[in-house]
Amino acid sequence: MSLLVRTQAGRKITKTVKSVAEVGFSDYKNGNQGNYRLSPHSKFKRAGGPDQKDVGADVDAIEQATGGVQ
């Protein structure tokens with residue numbers, strides 16, 4: 001699995017992980033309704049570039065934007 005990461009200088013680089021466990025999700029649950037936020041110990045936490053956001057989707061923003069949608 002490959003992840004696109006932005007460096008502090010704003011350059012995009014690809015990081016390859018061998019398994020989903022290596023990403024460091026909070027509670028993956030084998031992809032079955034888990035918590036896909038990055039755990040505080042994930043090597044991708046705050047690795048999103050100059051703004052130091054997490055790599056990947058902003059789960060909090062998605063939940064806020066879709067709250068109440070059925």
Side-chain angles (χ1 to χ4, degrees):
M1 172 188 319
S2 295
L3 302 169
L4 185 62
V5 178
R6 192 176 299 268
T7 66
Q8 290 296 336
R11 206 182 78 196
K12 294 177 186 175
I13 58 173
T14 302
K15 296 277 187 172
T16 302
V17 294
K18 295 178 183 174
S19 70
V20 171
E22 212 177 322
V23 174
F25 291 115
S26 290
D27 190 12
Y28 183 64
K29 292 186 180 178
N30 291 323
N32 187 15
Q33 298 181 349
N35 179 349
Y36 306 114
R37 291 171 182 84
L38 295 176
S39 78
H41 308 291
S42 170
K43 63 183 174 183
F44 298 105
K45 186 80 175 166
R46 292 183 295 281
D51 60 8
Q52 294 194 333
K53 289 186 177 182
D54 294 348
V55 171
D58 184 339
V59 177
D60 292 327
I62 293 169
E63 286 182 349
Q64 184 177 14
T66 59
V69 175
Q70 294 187 14

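Side-chain atoms are counted along with the backbone in the values below, which use heavy atoms only and exclude waters and symmetry mates. Keep in mind that what you see is a predicted model, and the values were worked out from it rather than measured.
Under the 4.5 Å side-chain contact rule for hydrophobic residues, V55 and V17 share a cluster. F25 and V59 fall into different hydrophobic clusters, where Ile, Leu, Val, Met, Phe, Trp and Tyr side chains are chained together by heavy-atom contacts under 4.5 Å.
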For a quick test of your reading: what N or O donor-acceptor pairs under 3.5 Å do the side chains of residues 27-35 make, sequence neighbours left out?
| residue | atom | partner | partner atom | Å |
| --- | --- | --- | --- | --- |
| N35 | OD1 | R37 | N | 3.1 |
| N35 | OD1 | R37 | NH1 | 3.2 |

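A donor-acceptor pair is defined here as one N or O able to donate and one able to accept, closer than 3.5 Å; such a pair exists between the side chain of D54 and the backbone of R46.
Other residues, nucleotides and ligands contribute over 12 non-hydrogen atoms within 6.0 Å of the CD atom of E63.
Take D58 and apply the salt bridge (charged side-chain N to carboxylate O under 4.0 Å, His left out) test, not counting sequence neighbours, and it matches no residue.
Of all non-hydrogen atoms in G24 and S42, the two that sit nearest each other are O-CB, 3.5 Å.
Rounded to the nearest 0.5 angstrom, K53 NZ and L38 CG are separated by 13.5 Å.
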